[in-house]
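For reference, positions follow the sequence shown, starting with 1. Each ligand, and each atom within it, is numbered from 1 in the order the structure gives.
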Amino acid sequence: MSQSDILFNQAKKYIPGGVNSPVRAFNGVGGNSIFFESGKGAHLLSVDGKKYIDYVTSWGAMILGHSNPYIIDQVKATLEKGLGFGSPTKIETLLAEKICELMPSIELVRMVNSGTEATMSAIRLARGYTNKDKIIKFDGCYHGHSDSLLIKSGSGTLTSGIPTSKGVPKAIIENTISLEYNNISQVYQALKNEDVACIIVEPIAGNMNCVLPIDGFLQGLRKACDEYGVVLIFDEVMTGFRVDIGGAQTYYQVKPDLTTLGKIIGGGLPVGAFGGKREIMEFIAPMGPVYQAGTLSGNPISMTAGLAMLNILSADNNFYKNLSIKTNQLTSGIISQANKYGIDIMANTAGGMFGLFFTELDQVTNLNQVEKCDIELFKKFFHLMLKEGIYMAPSAYEAGFITSMHSDEDIDFTINAAKAAFASLKK
Ligand SMILES: *Cc1c(COP(=O)(O)O)cnc(C)c1O
């Protein structure tokens, strides 16, 4: 047994499934989870001393690679002053100011501790602001694990969803409408029949692998929301600072009313945030009637890591251009190797995120199509790559991420590993 297997078995004795977030348990690919010892740049070192090129990068949070020296130094300096006071500190304003400066639609921003908290709070705010209860989301989009968002569309009418988890009360399901991603006519149909507070969407879906909005989808949502007095929420927990310094809203030039953030803005530490139009944000306590709070919200350690991260990202005008080049180098390299072995594969990419799909389709634009991909082939591919020292997301439903630390050598090494994997899959 490897050291990793031993640790996984020990963990299972005290932690449900041995993990603190389900995807880490490798249920999506089979086999045992890997325990890591350390990370540096684009590389991870397992407890068994094996080196991996990392395409999970803490689910996209580590866009500068692991152990960025500037972020770590800044955090160390803040640590020396104490871990938090439950009172305001200057660093919170500095990070808020930076976010407002970089994200075109954000005028006021409130810090929380996770993406889940950010979306949950943004939805309460939208409901409080509009005095309406119903919300629209899209199948395959993930917005954290609060009750009202763990719902997908049912097979019958548009408006009766089904929960994706046990424990979600029926009364809650009744207020969530889940529609097909990229389907604007379903949105209009729902808005005509229901009184809707908000539409929440991943402007680039990164939790059903990586699915891009088709031309006009986000613009269509903006228009529909304006027509029906609905709050448009972009969940940019993943895409914020991942595809552009101004998020997907800058990448696609569509302004939401509210934006939720997380992952990258914590520089690797736990964080979330939601922000947007002043008029709406002023509905939040202590200014307004919508309650929202957090003991550790805005803690100086996370704020410091986040600010250090955004300072580096915003200082380099070519950062996202260079990152996209790396992403496309990787996916086009993998696709051309797959083609040599007659394996059908396609990719979606945006900035530093990508999705590979084992499919004959030349476009994947919704969950239905993602589910039709060859998941069994993906599982085999995943394990072959893992053996070669490539750590990809252990699920066909997760996006991949590039960091600025992935070198040409790392990318070439990965493409060669894919070549070997395809050769053995073809046999
Ligand atoms: C990761 C993610 C979340 C949840 O964030 P947590 O910090 O895990 O609670 C919400 N929305 C999107 C789009 C995400 O990618």
Side-chain angles (χ1 to χ4, degrees), residues 19-25 28 55-63 103 110-124 126 135-152 164-165 176 178 181 198-213 218 221 232-244 247-249 251-252 256 258-276 292 294 296-299 302 305-306 309 348 350-355 367 370 393-395 397-401:
V19 292
N20 284 311
S21 198
V23 68
R24 300 177 197 169
Y55 292 100
V56 179
T57 69
S58 205
W59 303 100
M62 303 294 181
I63 196 167
M103 284 269 169
R110 169 68 53 87
M111 303 296 172
V112 292
N113 300 290
S114 69
T116 296
E117 236 187 286
T119 57
M120 181 187 78
S121 308
I123 283 171
R124 184 181 309 128
I135 65 171
I136 290 178
K137 68 175 282 291
F138 296 93
D139 287 344
C141 285
Y142 177 68
H143 305 292
H145 62 89
S146 69
D147 287 348
S148 58
L149 293 165
L150 291 177
I151 287 158
K152 63 177 180 184
T164 55
S165 164
T176 300
S178 195
Y181 195 74
C198 66
I199 296 180
I200 184 164
V201 65
E202 282 183 78
I204 296 168
N207 289 283
M208 49 168 154
N209 203 332
C210 177
V211 173
L212 307 178
L218 298 176
L221 292 179
L232 179 60
I233 306 174
F234 276 6
D235 181 357
E236 297 227 42
V237 170
M238 183 180 285
T239 54
F241 307 101
R242 167 54 58 188
V243 299
D244 189 289
Q249 53 197 270
Y251 193 82
Y252 289 111
L258 294 177
T259 301
T260 54
L261 296 167
K263 298 194 170 101
I264 289 176
I265 62 155
L269 291 175
V271 95
F274 63 102
Q292 190 279 330
L296 298 177
S297 293
N299 81 81
S302 294
M309 174 74 97
N348 285 331
M353 63 194 275
F354 64 90
L367 182 62
V370 176
S395 161
Y397 295 95
E398 300 289 350
F401 304 99

| remark: Numbered in order shown, the ligand 1 atoms found under 4.0 Å of a heavy atom of G115 are 4 (C), 5 (O), 6 (P), 7 (O), 9 (O)

| task | Answer whether the closest heavy-atom distance between the side chains of I204 and Y252 falls below 4.5 Å. | result | yes

| How does E202 reach ligand 1, by side chain, by backbone, by both or by neither, if only non-hydrogen atoms under 4.0 Å count? | side chain

| field | Close-contact set for ligand 1 against D235 heavy atoms, below 4.0 Å | value | 10 (C), 11 (N), 12 (C), 13 (C)

| What atoms of ligand 1 come closer than 4.0 angstrom to any heavy atom of S114? | 7 (O), 9 (O)

| atom 7 (O) of ligand 1 within contact range, any protein heavy atom under 4.0 Å | yes

| task | Output yes when a side-chain donor or acceptor of E236 lies under 3.5 Å from a complementary backbone atom of P203, and no otherwise. | result | no

| note | Min over V112, T116, I204 of heavy-atom distance to atom 4 (C) of ligand 1 lands on T116

| For F274, does its backbone N or O pair with a side-chain atom of R110 as donor and acceptor, under 3.5 Å? | no

| request: Look at atom 3 (C) of ligand 1 and say which protein heavy atom is nearest, naming residue and atom and giving the distance to 0.1 Å. | output: V237 CG1, 3.7 Å

| If only atom types and distance count, is the side chain of S302 paired as donor or acceptor with the main-chain N or O of P270 below 3.5 Å? | yes

| query | Under 4.0 Å from ligand 1, counting heavy atoms only, is it the side chain of E117, its backbone, both or neither? | reply | neither

| request: With side-chain contact (heavy atoms from CB on, under 4.5 Å) as the test, would you mind laying out the steps for H143 and E202 before giving the verdict? | output: CA-CA 8 Å; H143 305 292; E202 282 183 78; 4.0 Å; yes

| query | With a 4.5 Å limit on heavy-atom distance, are the side chains of E398 and N207 in contact? | reply | yes

| task | Ignoring hydrogens, just give me the one of K263, H143, M238 whose non-hydrogen atom is nearest atom 14 (C) of ligand 1. | result | K263

| field | Closest non-hydrogen atom pair, G351 against Y251 | value | N-OH, 4.0 Å

| task | Would you mind telling me if ligand 1 is within reach of the side chain of N207, the backbone, both or neither, using heavy atoms under 4.0 Å? | result | side chain

